[in-house]
Amino acid sequence: MSKIIKLEVFIASPPTSKCQETIEILEEIIRRYPDKLQLVVFKRGVDFIPDEASMGMKTIIQKGSAVPAVVVNGTMFSSCEVPKREELEERVQEVFLR
């Protein structure tokens with residue numbers, strides 16, 4: 001049985017155009033690997049359940065980091081910009097191989 005890899009994103013509330021574009025990219029990757037990936041969205045200023053967030057995401061939320069911010073399997077991937085689809089896909093593949 002394989003472990004589900006968590007993709008987390010921290011966005012503005014309401015979402016900016018960069019936040020929406022980031023979510024679209026993440027959803028596209030999730031559709032490619034529906035049994036292996038999970039998307040969790042955190043909105044700035046909205047209460048969250050700490051148990052849902054990885055340590056990397058908790059740090060981002062507590063520091064009030066810029067949005068959008070993406071965390072892959074507990075490790076910061078991007079912040080303040082829309083991630084490049086190809087680079088995000090490569091990171092996900094690296095995590096699969098570990």
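Each residue takes its place number in the sequence, starting with 1. Hydrogens, waters and symmetry mates play no part in the numbers below; they use all other heavy atoms, side chains included. It should be emphasised that the depicted structure is a prediction, and the values quoted were computed from it without experimental measurement.
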*Shortest non-hydrogen contact from Ser79 to Ala66?*
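What the structure gives for the nearest pair is OG-O, 3.6 Å.
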*Please report the closest heavy-atom contact between Ser78 and Pro83, naming both atoms and the distance.*
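Nearest pair, atom of Ser78 first, then Pro83: OG-CB, 3.8 Å.
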*Of Val95, Ile4, Val92, which meets side chain to side chain contact (heavy atoms under 4.5 Å, CB included) against Leu37?*
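Of the listed residues Val95, Ile4, Val92, the side chain to side chain contact (heavy atoms under 4.5 Å, CB included) partner of Leu37 is Val92.
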_Ion pair Glu81/Lys18, N-O distance below 4.0 Å_ =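 Salt bridge absent between Glu81 and Lys18.
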*May I ask you to decide whether Glu89 forms a salt bridge with Lys84, counting only side-chain N to carboxylate O separations under 4.0 Å?*
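Judged by the 4.0 Å cut-off on N to carboxylate O distance, Glu89 and Lys84 do not form a salt bridge.
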Using side-chain heavy atoms (C-beta onward) and a distance below 4.5 Å, is [X] in contact with [Y]?
X     : Y     : result
Ile61 : Thr59 : no
Val9  : Phe42 : no
Arg44 : Val67 : yes

Main-chain N/O of [Y] paired to [X] side chain as donor or acceptor, under 3.5 Å:
X     : Y     : answer
Thr75 : Val71 : no
Gln38 : Leu7  : no
Lys6  : Glu52 : yes

Separation of [Y] [atom2] from [X] [atom1] (nearest 0.5 Å):
X     : Y     : atom1 : atom2 : result
Ile11 : Glu21 : CD1   : CD    : 13.5 Å
Ile23 : Leu39 : CD1   : CG    : 7.0 Å
Glu24 : Arg85 : CD    : CZ    : 9.0 Å
Arg98 : Lys3  : CZ    : NZ    : 10.0 Å
Glu28 : Leu88 : CD    : CG    : 10.0 Å

*Please step through side-chain contact (heavy atoms from CB on, under 4.5 Å) for the pair Val82 and Ile25, ending with a clear verdict.*
CA-CA 9 Å; Val82 176; Ile25 290 169; 3.5 Å; yes
*Audit row: Phe96, Asn73, side-chain contact (heavy atoms from CB on, under 4.5 Å) steps and yes/no*: CA-CA 10 Å; Phe96 286 156; Asn73 201 36; over 6 Å; no
*Before giving the answer on side-chain contact (heavy atoms from CB on, under 4.5 Å), spell out for Val70 and Glu8 the whole-Å C-alpha distance, their side-chain angles and the decisive distance to 0.1 Å.*
CA-CA 6 Å; Val70 177; Glu8 300 167 290; over 6 Å; no
_Let me check something: do Ile29 and Phe10 share a hydrophobic cluster, defined by ILVMFWY side-chain heavy atoms less than 4.5 Å apart, either directly or through other members?_
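Different hydrophobic clusters.
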